[in-house]
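The chains referred to below are lettered A, B, ... by the order of the sequence lines, with proteins before strands, and numbering in each begins at 1.
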2 protein chains.
Amino acid sequence: MGIVSRKEREKEEMRQLILGAALKLFREKGYDGVSIRNIAEAIEYSPATIYLYYKDKSEIFFALQYEAAAVKRDHIMPVVEIENPWERLVEFGRRYIDFGMKHPDLYDLLFITLTPMESMENQECWKLGIATHSFFVETVQACVDARYFKSTDTETIAYTLWCHAHGLVSLFVRERMRMYPEEKREELARKSFAMIVKMAENL
Amino acid sequence: MGIVSRKEREKEEMRQLILGAALKLFREKGYDGVSIRNIAEAIEYSPATIYLYYKDKSEIFFALQYEAAAVKRDHIMPVVEIENPWERLVEFGRRYIDFGMKHPDLYDLLFITLTPMESMENQECWKLGIATHSFFVETVQACVDARYFKSTDTETIAYTLWCHAHGLVSLFVRERMRMYPEEKREELARKSFAMIVKMAENL
DNA sequence: AAAGATAATGAACAGTGTTTAGTAAATGCA
DNA sequence: TGCATTTACTAAACACTGTTCATTATCTTT
């Protein structure tokens, strides 16, 4: 273990230090509410130092987006163990929504925040998201193959279910449920999930 | 028509001038992409003049949010003429989605952008939104009363349908459909709307 | 210990939202 | 009409922002 490897390790530690501080601050104040100077202050370095590890603010954002995608994967992926495709699909939906409710900031990062155009090239993150999405579509396909639905339009079924789940979470995350009393919102979300499952049963 | 009324008229014209320029710029560059200086330059006044008509940038945002709510109302409200509640509900949904697709910037303003807390007190806008939402819920209630559904849980039915429509539009607006080729996205949205209508039929 | 590479920073640039002090023009009143 | 007052406007400043760069300090190699 030479000096170069120690240097690399230290460099990686510094990147994690920056990312950790950034995530904490982004959670509290949102992407636009946090400045490079804030992050620098949190880790007790000068603002210019940040630029030695990340080329600009958006690159910090993308690094976090990647981590968010990983958290989401870990939150949802246990469902691969479920062999029955219908049960797997329902549990996938439940966990997708649960992830969004438990990590609104990460969900926001992944599915709501408008990202600069470079995000396309951010292959690491994109690949992770595509993988989870593909698994979801494959599960729907498995349901179709097993004749769980009358319809055989896998793509539209998957998209429709995703629309519901995403709509549910994002109305929550972006606080568009103020017409419902706070303590009823989660219950309403649960009931709605149960309802879409019932609707999907005779789809 | 005295001098005071002319002054009031001129004041209102100035406010409209600011709002018009702001909307145009917000559409092009988004809320955060536009500065007070940009708006001032567009109307050929100094930045400080803006503050004589709006107390800060967020107040311009709220004024636009109100106008967006009015556009949405005008886009959707023709459905009050439809007497059959089920047909009225379906057409409401179609027009809601159509509004979102045609005016992504306004939809964003109304349902996605994180608004400061004062938005609660922005009663004008809030009232308009609540009115349209209430009309939607009442239409669902009319369907329930007319035994169009097996379920009688009006609140959950309304919320579930809203989740789907909002999810559909906001995935579109915030560009989370890159895994589908561009030319197929609208078709997919149409198919999904047809599917949720079918699902709702035997709800 | 000297030379070279690396890490960190202070200061600056151009931008932001917002406030204030001051000017110039329009108005009300004598 | 002439003068005082109100109104409309703005230049300049303040405290921020993301980002860059010349300079300094530290660590590594010879």
Side-chain angles (χ1 to χ4, degrees), chain A residues 1-26 28-65 113-119, chain B residues 1-19 21-23 25-26 28-65 113-119:
Chain A
M1 296 305 104
I3 287 169
V4 281
S5 76
R6 197 209 65 206
K7 290 241 165 178
E8 268 170 33
R9 201 177 59 240
E10 282 175 355
K11 193 139 194 158
E12 187 50 38
E13 274 167 18
M14 185 61 155
R15 292 171 79 91
Q16 279 301 320
L17 191 66
I18 293 168
L19 241 45
L23 181 55
K24 182 167 158 18
L25 288 169
F26 285 157
E28 288 165 10
K29 302 168 194 288
Y31 181 75
D32 289 317
V34 177
S35 69
I36 298 285
R37 283 174 178 82
N38 297 151
I39 300 170
E41 197 176 2
I43 61 172
E44 297 180 296
Y45 278 84
S46 93
T49 302
I50 307 277
Y51 288 87
L52 299 175
Y53 297 89
Y54 290 98
K55 107 173 193 292
D56 57 22
K57 193 183 174 186
S58 82
E59 209 177 72
I60 299 176
F61 173 83
F62 290 131
L64 286 175
Q65 203 177 41
T113 305
L114 275 174
T115 61
M117 284 308 130
E118 309 101 278
S119 66
Chain B
M1 296 305 105
I3 289 169
V4 283
S5 76
R6 197 209 65 207
K7 291 242 166 177
E8 269 170 32
R9 200 177 58 240
E10 282 175 356
K11 192 138 196 161
E12 187 51 40
E13 274 168 18
M14 186 62 155
R15 294 172 77 92
Q16 279 301 320
L17 190 66
I18 293 168
L19 239 47
L23 181 57
L25 288 169
F26 285 157
E28 289 165 8
K29 300 169 197 283
Y31 181 75
D32 289 317
V34 177
S35 69
I36 297 285
R37 282 173 177 81
N38 296 152
I39 299 171
E41 196 175 2
I43 61 173
E44 296 180 298
Y45 279 84
S46 92
T49 303
I50 308 276
Y51 288 87
L52 299 176
Y53 297 89
Y54 291 99
K55 106 172 194 293
D56 56 23
K57 195 184 175 187
S58 81
E59 208 177 73
I60 299 175
F61 173 82
F62 289 131
L64 287 176
Q65 203 176 41
T113 306
L114 274 175
T115 62
M117 285 308 130
E118 308 99 280
S119 66

Of the candidate nucleotides [options], which contains the atom at the shortest distance from the side chain of [X]?
X	options	result
A/Tyr51	D/dT20, D/dT10, C/dT18	D/dT20
A/Lys57	C/dT18, D/dT10, D/dG18	D/dG18
A/Ala48	D/dC21, C/dA7, D/dT10	D/dC21
B/Tyr45	D/dC9, C/dT18, C/dT19	D/dC9
A/Leu52	C/dA8, C/dT18, D/dC9	C/dA8
A/Tyr53	D/dT19, C/dT19, C/dA7	C/dA7
A/Ser46	C/dG10, D/dT10, C/dT18	C/dG10

What is the separation between atom [atom1] on [X] and atom [atom2] on [N], rounded to the nearest whole Å?
X	N	atom1	atom2	answer
B/Asp56	C/dT16	CG	P	17 Å
B/Ile36	C/dT19	CD1	P	11 Å
B/Lys55	C/dG17	NZ	C1'	13 Å
B/Glu59	C/dG17	CD	P	15 Å
A/Glu41	D/dT17	CD	P	9 Å
B/Tyr54	C/dG17	OH	C1'	17 Å
A/Glu10	D/dT26	CD	P	16 Å
B/Ile50	D/dA8	CD1	P	15 Å

Measure distances between side-chain N and O atoms of B/Arg37 and base N and O atoms of C/dG17, and say whether any donor-acceptor pair falls under 3.5 Å.
-> yes
Measuring from A/Leu25:CG to A/Ile39:CD1, what's the distance to the nearest 0.5 Å?
-> 6.5 Å
Sequence neighbours excluded, which residues qualify as salt bridge (Lys or Arg N to Asp or Glu O under 4.0 Å) partners of B/Lys29?
-> none
Taking the inter-plane angle between the rings of B/Tyr31 and B/Phe61 on a 0 to 90° scale, is it parallel (under 30°), tilted (30 to 60°) or perpendicular (over 60°)?
-> perpendicular
Check every strand shown and say whether A/Ser35 touches a base, only sugar-phosphate, or nothing at a heavy-atom separation below 4.0 Å.
-> sugar-phosphate
What nucleic acid atoms does B/Asn38 come within less than 4.0 Å of, heavy atoms only: base, sugar-phosphate, or nothing?
-> sugar-phosphate
With sequence neighbours excluded, what pairs up with A/Asp32 under the side-chain hydrogen bond (donor to acceptor under 3.5 Å, both in side chains) test?
-> none
Which pair of heavy atoms, one from A/Tyr53 and one from A/Met14, lies closest together, and at what distance?
-> CZ-CG, 3.3 Å
Hey, does the side chain of B/Thr49 come within less than 4.0 Å of D/dC9's phosphate (OP1/OP2), counting only N and O?
-> no
